[in-house]
Structures are given as structure tokens and as C-alpha cells.
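Notes for the one structure printed next.
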Amino acid sequence: MTTTPVVKLPEAPTPLAVVRALRLMGTHVANWRKLQRLTAAQVAERAGVSRDTLRAIEQGKGTASTENLFRVLRILGTLDGVVAAADPYQTDVGRLRADEILPRRVRSWTPGARRSREGAHRGHRGD
């Protein structure tokens with residue numbers, strides 16, 4: 001049995017916009033923590049991450065996983081806002097393009113669903 005050697009490609013340099021966003025996000029995380037009068041140790045423990053991981057997030061190093069970032073954001077109470085900010089359907093372009101790309105109605109089969117639809121066509125409430 002032979003194994004295929006793993007070829008590691010060189011990493012592309014991090015774009016400047018990403019570097020800036022990492023630093024800014026780190027600053028925001030640190031500021032939220034401080035505004036809530038929480039120590040780094042408290043946030044790290046509550047989030048289930050190491051203090052080094054929290055430090056890397058706050059310094060904008062980009063080495064922390066998305067999961068660990070989200071764990072910290074949850075503790076700080078900002079996770080829902082960050083996730084909502086990435087929702088394409090909250091933008092005009094996203095809402096317009098959704099009509100072009102996605103089907104108008106997505107059907108999911110559930111037991112009794114056909115009866116309910118048939119009843120609705122005949123003027124019945126389906127109960």
C-alpha cells in the first residue's frame with residue numbers, strides 16, 4: 001500500500017484589507033470585553049478557549065479559528081449581530097438577486113403536507 005505524498009502549497013500573502021479587518025475586529029473584541037469589565041481570563045474560560053487564543057483574536061493575528069472567534073463573540077453578546085451583518089438578504093442587492101437565483105417556493109415533503117395543500121385548493125382549512 002503506497003501513500004500519496006502531501007504537497008503543501010505556499011500561502012498567499014494576506015491582503016491588506018484582511019489585515020486591517022482582523023486588527024479592527026480584534027480591537028472591537030477587546031473593547032467589548034473591557035466595557036463589560038471582564039478580564040481576559042474570564043472571557044477565555046467562559047468561551048472555552050485559551051488565553052493565548054483570546055490574545056491572538058484581540059491582537060488581530062488571524063490565527064484563531066472561526067469557531068473560537070464565534071465562541072468569544074457569544075460570551076460578549078455580539079455573535080448574533082456579527083452573523084446578521086453577513087446575511088445577504090438584509091441588503092437590497094441580496095433581496096433583488098434572491099428572486100433571480102432562488103426558486104420562489106421551496107417545497108419540503110412532510111407527512112400530511114399533500115393533504116394540506118389539496119385541502120387548501122378545495123377551500124378546506126386542512127385540519
Side-chain angles (χ1 to χ4, degrees):
M1 178 182 225
T2 61
T3 59
T4 306
V6 176
V7 177
K8 196 168 188 181
L9 299 175
E11 287 189 36
T14 304
L16 187 55
V18 173
V19 170
R20 287 182 185 142
L22 286 167
R23 285 186 192 146
L24 189 56
M25 178 62 83
T27 300
H28 292 329
V29 167
N31 289 341
W32 271 110
R33 177 179 61 77
K34 292 170 187 174
L35 286 170
Q36 295 180 37
R37 294 185 170 96
L38 295 169
T39 66
Q42 288 171 318
V43 171
E45 181 181 337
R46 293 174 188 179
V49 301
S50 70
R51 287 178 66 188
D52 286 342
T53 296
L54 179 61
R55 187 177 301 115
I57 291 170
E58 290 186 353
Q59 292 176 354
K61 290 188 177 177
T63 56
S65 70
T66 307
E67 179 182 348
N68 287 337
L69 172 61
F70 281 10
R71 285 170 172 262
V72 170
L73 294 176
R74 183 179 75 75
I75 296 305
L76 298 175
T78 59
L79 176 61
D80 292 341
V82 170
V83 172
D87 183 355
Y89 302 116
Q90 297 302 315
T91 67
D92 292 337
V93 172
R95 286 188 292 270
L96 288 170
R97 297 251 170 99
D99 290 339
E100 297 171 6
I101 297 170
L102 300 175
R104 294 218 180 263
R105 185 172 75 168
V106 177
R107 295 182 184 170
S108 62
W109 184 87
T110 56
R114 183 177 174 144
R115 259 181 286 140
S116 296
R117 282 196 302 270
E118 288 173 355
H121 291 295
R122 293 189 194 120
H124 299 292
R125 290 182 20 211
D127 24 44

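For the single chain, residues carry numbers from 1 onward in sequence order.
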How would you list, by chain and number, every residue that makes a side-chain hydrogen bond (donor to acceptor under 3.5 Å, both in side chains) with R95, sequence neighbours excluded?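 Applying side-chain hydrogen bond (donor to acceptor under 3.5 Å, both in side chains) to R95 gives D92.
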The criterion is salt bridge (Lys or Arg N to Asp or Glu O under 4.0 Å); which residues satisfy it with R74, sequence neighbours excluded?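 If we apply the salt bridge (Lys or Arg N to Asp or Glu O under 4.0 Å) test to R74, skipping adjacent residues, there are no hits.
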I'd like to check the salt bridge (Lys or Arg N to Asp or Glu O under 4.0 Å) partners of E11; sequence neighbours left out, ordered by chain and number.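 E11 satisfies salt bridge (Lys or Arg N to Asp or Glu O under 4.0 Å) with no residue once adjacent residues are dropped.
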Looking at V43, I57, L24, which one forms a side-chain contact (heavy atoms from CB on, under 4.5 Å) with V29?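 Only one option passes, and that is I57.
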With hydrophobic residues grouped by side-chain heavy-atom distances under 4.5 Å, do V83 and L76 end up in a single group?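 Yes; L76 is reachable from V83 via cluster members.
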Please give me the minimum heavy-atom distance between A44 and L54, naming the atom from each residue.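 Nearest heavy atoms, A44 then L54: N-CD2, 4.0 Å.
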Which atoms form the tightest heavy-atom contact between I75 and R46, and what is the distance?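 Answer, listing the atom of I75 first, then R46: CD1-O, 3.5 Å.
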How long is the gap from [atom1] on [X] to [atom2] on [Y], to the nearest 0.5 Å?
X   : Y   : atom1 : atom2 : value
Q59 : T27 : CD    : OG1   : 10.0 Å
E67 : T53 : CD    : OG1   : 11.0 Å
H28 : L73 : NE2   : CG    : 11.0 Å
Q42 : R33 : CD    : CZ    : 9.0 Å
L69 : L79 : CG    : CG    : 8.5 Å
R20 : T14 : CZ    : OG1   : 13.0 Å

Any donor-acceptor pair under 3.5 Å linking the side chain of R71 with the backbone of A47?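 Yes; judged by distance alone, with no hydrogens or angles, the pair exists.
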Answer yes or no: is there a side-chain heavy-atom contact under 4.5 Å between M25 and L22?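 The answer is no, as the side chains (C-beta and beyond) never meet within the 4.5 Å cut-off.
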